[in-house]
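Below is one structure, written out as structure tokens; the observations come after it.
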Amino acid sequence: MGNKNKIRVIALGIIRHGDRLFVSEGYDALKEQTFYRALGGGVEFGESSMAALRREFHEEIQAHLTNIYYLATLENIFTYQGEPGHELIQLYQCDFRDREFYERESILFQEKKRKKKALWVDIARFESGELLLVPERCLAYL
């Protein structure tokens, strides 16, 4: 992650459409584990978390958000690729302004140097434990 021994502040946006959740797919090679997370990213110094949320969605998938509603702050202490991580998550519920995003199965995008995929996933697959949503406490806000 590059920020050793630093707490990172991020903003994530939960977007639901019926029984589906819009998430990005990640993979931890050391754990050999695929996981999913709501889209968003780091809050920059002097930027509000809501502004960061809007910016991240625009930068990553060229999407504009509407009906943005603050849900909670979650603390997430985790290990990814063998490195410890610590983040404070400003969690929002929101919608896509452009209805076209609800029709797309998946969207490929670039994050730093990594190619990533965002997609719609049936929420029941997270609730049953078949798929892993991180942090898992996000399930409580669906």
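Quick caveat, the model's predicted, so the values are computed rather than measured.
- Following chains of ILVMFWY side-chain contacts shorter than 4.5 Å, one can reach Leu53 starting from Ile15, so the two form part of one hydrophobic cluster.
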Identify each donor-acceptor pair in which a side-chain atom of residues 30-41 lies under 3.5 Å from a protein atom, sequence neighbours left out, and give them as a table.
from	atom 1	to	atom 2	distance (Å)
Lys31	NZ	Thr79	O	2.7
Tyr36	OH	Glu25	OE2	3.0

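- Looking at heavy atoms from C-beta onward, His58 lies out of side-chain contact with Arg54 at the 4.5 angstrom threshold.
- At a threshold of 4.5 Å between side-chain heavy atoms, the hydrophobic network of Ile, Leu, Val, Met, Phe, Trp and Tyr places Leu65 and Tyr69 in two separate groups.
- Residues passing the ring pair (Phe, Tyr, Trp, His ring centres under 6.0 Å) test with Tyr27, sequence neighbours excluded: none.
- Between Leu91 atom CG and Ile14 atom CD1 the span is 4.0 Å, to the nearest 0.5 Å.
- For the residue pair Phe57 and Gly13, the shortest heavy atom distance occurs at CZ-O, 4.0 Å.
- We find that Arg99 and Glu103 are not joined by a salt bridge, their nearest charged nitrogen and carboxylate oxygen being 4.0 Å or further apart.
- The shortest distance between side-chain heavy atoms of Gln110 and Lys115 falls below 4.5 Å.
- The distance between the ring centers of Phe22 and Phe96 falls below 6.0 angstrom.
- Between atom CD of residue Gln93 and atom CG of residue Asp95 there is a gap of 7.0 Å, rounded to the nearest 0.5 Å.
- With salt bridges taken as basic N to acidic carboxylate O contacts below 4.0 Å, none links Glu60 and Lys116.
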Could you list the donor-acceptor pairs under 3.5 angstrom formed between side-chain atoms of residues 127-137 and any protein atom two or more places apart in sequence or on another chain?
from	atom 1	to	atom 2	distance (Å)
Ser128	OG	Ala124	O	3.2
Ser128	OG	Arg125	O	3.3
Ser128	OG	Glu130	N	3.2
Glu130	OE1	Arg125	NE	3.3
Glu130	OE2	Arg125	NE	3.1
Glu130	OE2	Arg125	NH2	2.8
Arg137	NH1	Glu75	O	3.3
Arg137	NH2	Glu75	O	2.1

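- Leu142 and Leu12 fall within the same hydrophobic cluster, where Ile, Leu, Val, Met, Phe, Trp and Tyr residues are linked whenever their side-chain heavy atoms come under 4.5 Å apart, directly or through other members.
- In this structure, Asp28 contributes its side chain and Gln81 its backbone to a donor-acceptor pair below 3.5 Å.
- Residues Met50 and Ile61 are members of one and the same hydrophobic cluster, defined by side-chain heavy-atom contacts under 4.5 angstrom among Ile, Leu, Val, Met, Phe, Trp and Tyr.
- In the displayed structure, Tyr102 atom OH is contacted under 6.0 Å by more than 12 heavy atoms of other residues, nucleotides or ligands.
- Checked by atom type, the side-chain pair Tyr92/Ser49 shows a donor-acceptor distance below 3.5 Å.
- In terms of heavy-atom proximity, Gly42 sits nearest to Ala52 at O-CB, 3.9 Å.
- Here the closest heavy-atom approach between residue Phe101 and residue Gln62 is recorded as CZ-O, 3.7 Å.
- For the pair Leu21 and Val121, the minimum side-chain heavy-atom distance is 4.5 Å or more.
- For the pair Phe126/Cys138, no side-chain contact is recorded, criterion being any heavy-atom separation below 4.5 Å from C-beta on.
- Summarising the local packing, CG of Asp19 is surrounded by 12 or fewer heavy atoms from other residues, nucleotides or ligands at distances under 6.0 Å.
- Shortest non-hydrogen contact noted between Tyr70 and Gln90 is CE1-NE2, 3.8 Å.
- Both Ile10 and Tyr141 are assigned to one and the same hydrophobic cluster, defined by single-linkage of ILVMFWY side chains at heavy-atom distances under 4.5 Å.
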